[in-house]
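Report on the structure given below.
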Amino acid sequence: MSSFSDQVKGNWNQAKGKLKQQWADLTDDDLLYTEGKEDEVMGRIQEKTGETKENINKFFDDMKFD
């Protein structure tokens, strides 16, 4: 189950910036998000960063938006 909450989806541009700050190797192409394709973007983040799905989900869960 993906941790993409409605808040993350609604603030995706801001979320992308926070992801790039956390993992500098991520590119805009890696973070290309389409509604309903959460697992695809999660897979690209995992592949590029080497992080576990659990760590990435925790990052999303802890994400705060202005």
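Please read these numbers as outputs of a predicted model, since none were measured by experiment.
Residues forming a side-chain hydrogen bond (donor to acceptor under 3.5 Å, both in side chains) with Asp62 (at least two apart in sequence, or on another chain): Lys58. Contacts of Lys48 classified as side-chain hydrogen bond (donor to acceptor under 3.5 Å, both in side chains), with partners at least two apart in sequence or in another chain: Asp30.
How far CG of Asp28 is from NZ of Lys20: 3.5 Å, rounded to the nearest 0.5 Å. Atom-to-atom distance recorded for Gln7:CD and Asp61:CG is 10.5 Å, nearest 0.5 angstrom. With rounding to the nearest 0.5 angstrom, the NZ atom of Lys18 is 12.0 Å from the CZ atom of Phe60.
A donor-acceptor contact closer than 3.5 angstrom is absent between the side chains of Tyr33 and Glu40.
For the pair Arg44 and Val41, the minimum side-chain heavy-atom distance is below 4.5 Å. Two residues are said to be in side-chain contact when any heavy atoms from C-beta on lie closer than 4.5 Å; Asp25 and Thr49 fail this criterion. A heavy-atom distance below 4.5 Å is not found between the side chains of Met63 and Gln14. Inter-residue side-chain proximity for Gln46 and Met42 is flagged as met; some heavy-atom pair is nearer than 4.5 Å. You'll find the side chain of Phe59 stays beyond 4.5 Å of the side chain of Asn55, heavy atoms only.
Residue Lys37 places its NZ atom among 12 or fewer non-hydrogen atoms of other residues, nucleotides or ligands, all under 6.0 Å distant.
The backbone N or O of Leu31 lies less than 3.5 Å from a partner atom in the side chain of Trp12, making a donor-acceptor pair.
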